[in-house]
2 protein chains.
Amino acid sequence: MPMKSDSHTSGEEEVFEAYLRRQGLKYTPARRQLLRSIFAVHDHFTAEQLIERLRAENVPASKATVYRTLAVMLACGILVMHDFGEGARYYEHTFGHAHHDHFFCVGCKSIKEFRDERIEALQEEVARKMGGELLAHSLKLYGLCTGCRNDPTARERSRSATTHRG
Amino acid sequence: MPMKSDSHTSGEEEVFEAYLRRQGLKYTPARRQLLRSIFAVHDHFTAEQLIERLRAENVPASKATVYRTLAVMLACGILVMHDFGEGARYYEHTFGHAHHDHFFCVGCKSIKEFRDERIEALQEEVARKMGGELLAHSLKLYGLCTGCRNDPTARERSRSATTHRG
DNA sequence: ATAGCTGCAAATGTTTTGCAGCCCG
DNA sequence: CGGGCTGCAAAACATTTGCAGCTAT
């Protein structure tokens with residue numbers, strides 16, 4: 001029975017380790033713990049939030065290590081980064097997740113995912129028509145989620161947050 | 001002849017001044033000069049680039065004033081801000097310009113504009129289906145422009161710049 | 001007059017980096 | 001062993017802010 005006892009790896013660990021080996025990098029305890037912590041849930045988190053979560057889980061990792069590890073994971077492709085213009089960047093693991101876009105609620109800062117094939121196709125078409133080679137794309141919708149639509153506080157707060165988004 | 005000699009205002013100045021008055025703010029020399037400098041050309045610029053340009057034009061304006069003035073113009077709506085994940089934010093004046101999206105060349109950092117009504121409509125549709133209220137949206141295509149497609153240097157540089165974009 | 005501006009410098013907040021010591025392969 | 005890690009603290013950035021003096025209205 002080829003089954004390891006404490007392993008719940010759903011593939012990302014193998015991918016990451018293979019990537020590290022390929023690059024001549026090392027799969028250290030810190031990296032293993034970060035990987036597991038990050039893949040334990042599927043959400044969008046900032047470096048700061050991750051650091052706090054690690055602290056709560058008693059995983060010791062300095063700020064520097066967290067940033068450096070995130071960079072390696074980005075390069076590996078199991079993570080993507082999002083910038084919602086909130087100052088800090090958001091990260092999200094993507095292994096096993098198809099590409100998708102985001103709806104960012106400016107009221108509660110919650111993030112919803114969606115995917116629309118028609119939009120995907122149109123983006124390719126636009127890039128092709130412009131003579132460019134599309135390498136990545138990012139579509140973000142900013143607005144008020146169902147909950148915040150009826151919250152006057154959120155509506156008020158949202159005013160300044162949206163005037164200037166391109 | 002109702003024509004002022006040194007005035008080439010195409011409307012943005014009136015809009016800005018009206019906005020300032022409405023808000024109980026002042027149309028100072030600094031603001032006037034910044035407005036004119038910004039509207040002299042239609043491009044995408046960072047705060048830093050604007051400061052340099054002002055310096056070259058012998059327009060004295062401190063960093064603080066530039067940032068503060070940009071904020072007022074954003075609130076006024078004659079300017080929008082873009083975040084291409086390059087660290088600094090880009091600004092673009094929009095008075096008289098319809099909303100459009102951007103193609104960002106990761107090779108030479110050039111920016112091309114485009115607008116696709118079908119995508120615009122689909123974004124509204126997506127937001128509506130999700131029960132949210134769409135306040136703003138941002139679509140960015142990252143890739144290599146025609147010129148950079150054949151530049152091995154750009155292609156190389158682009159590798160790290162795109163792996164991680166969501 | 002007076003509320004709002006401006007410049008300067010200092011503070012902020014996020015992310016990066018230099019360095020000395022540690023550790024995986 | 002040795003090249004790659006790690007933590008710490010300092011640096012680097014873009015952006016914001018406190019304050020004292022200046023100025024439009």
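Letters A, B, ... mirror the listed sequences (proteins, then strands); counts begin at 1.
For A/Y90 and B/T69, each mapped to the nucleotide of DNA chain C holding its nearest heavy atom, the one lying further toward the 5' end belongs to B/T69.
The overall bend of the helix from C/dA1-D/dT25 to C/dG25-D/dC1, read as the angle between its terminal helix axes built from five base pairs each, is 30° when rounded to 10 degrees.
Separating the CG atom of A/L74 from the P atom of C/dT15 is a distance of 11 Å, rounded to the nearest angstrom. Atom NE2 of B/H82 is separated from atom C1' of D/dA14 by 18 Å (rounded to the nearest Å). Rounded to whole Å, atom C1' of C/dT14 lies 13 Å from atom CG of A/L70. Taking atom CD of B/Q23 as the reference point, atom C1' of C/dA3 lies 15 Å away to the nearest angstrom. Between B/R31 atom CZ and C/dT6 atom C1' the separation is 10 Å, expressed in whole Å. Rounded to a whole Å, the CD atom of B/Q49 is 16 Å from the C1' atom of D/dT15. In this structure, B/D83 atom CG and C/dT15 atom P are separated by 11 Å, rounded to whole Å. Rounded to an integer number of Å, the gap from CD of B/Q33 to P of C/dC5 is 16 Å.
For the side-chain hydrogen bond (donor to acceptor under 3.5 Å, both in side chains) test, no residue two or more places apart in sequence or in another chain qualifies with A/S110. Applying the side chain to side chain contact (heavy atoms under 4.5 Å, CB included) rule to B/E113 yields the partners B/H42, B/H44, B/E92, B/H100, B/H102; only residues at least two apart in sequence or on another chain are considered. Take B/T94 and apply the side chain to side chain contact (heavy atoms under 4.5 Å, CB included) test, not counting sequence neighbours, and it matches B/V80.
When atom types are taken as modelled, the side chain of A/R115 and the backbone of A/A98 share no donor-acceptor pair closer than 3.5 angstrom. A donor-acceptor contact shorter than 3.5 Å is absent between the side chain of B/E124 and the backbone of B/A121.
The distance between the ring centers of A/Y90 and A/F45 does not fall below 6.0 angstrom. The distance between the ring centers of B/F103 and B/F114 does not fall below 6.0 angstrom.
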- CA sep, side-chain torsions, deciding dist, call: A/K140, A/S138, side-chain hydrogen bond (donor to acceptor under 3.5 Å, both in side chains): CA-CA 6 Å; A/K140 299 180 193 104; A/S138 128; 3.0 Å; yes
- Message: Run the side chain to side chain contact (heavy atoms under 4.5 Å, CB included) test on A/L34 and A/M73 for me, step by step, so that the C-alpha distance in whole Å, both residues' side-chain angles and the decisive distance to 0.1 Å come before the verdict.
- Response: CA-CA 10 Å; A/L34 277 198; A/M73 290 182 180; 4.3 Å; yes
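Applying the 4.0 Å criterion to OP1 and OP2 of D/dT15, one finds that B/Y67 has a side-chain N or O inside that range.
Relative orientation of the B/F104 and B/Y142 rings is perpendicular, given thresholds of 30° and 60° on the angle between their planes.
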Protein-nucleotides 22-25 of chain D N/O pairs under 3.5 Å:
{"from": "D/dA24", "atom 1": "N3", "to": "B/K26", "atom 2": "NZ", "distance (Å)": "3.2"}

- Query: Can you give one letter per nucleotide of nucleotides 7-13 of chain D, 5' to 3': B if a protein heavy atom sits under 4.0 Å from the base, S if only from the sugar-phosphate, - if neither?
  - Reply: BB-----
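Exactly one residue among B/E13, B/R32, B/R21 makes a side chain to side chain donor-acceptor pair (under 3.5 Å) with B/Y27. That residue is B/E13.
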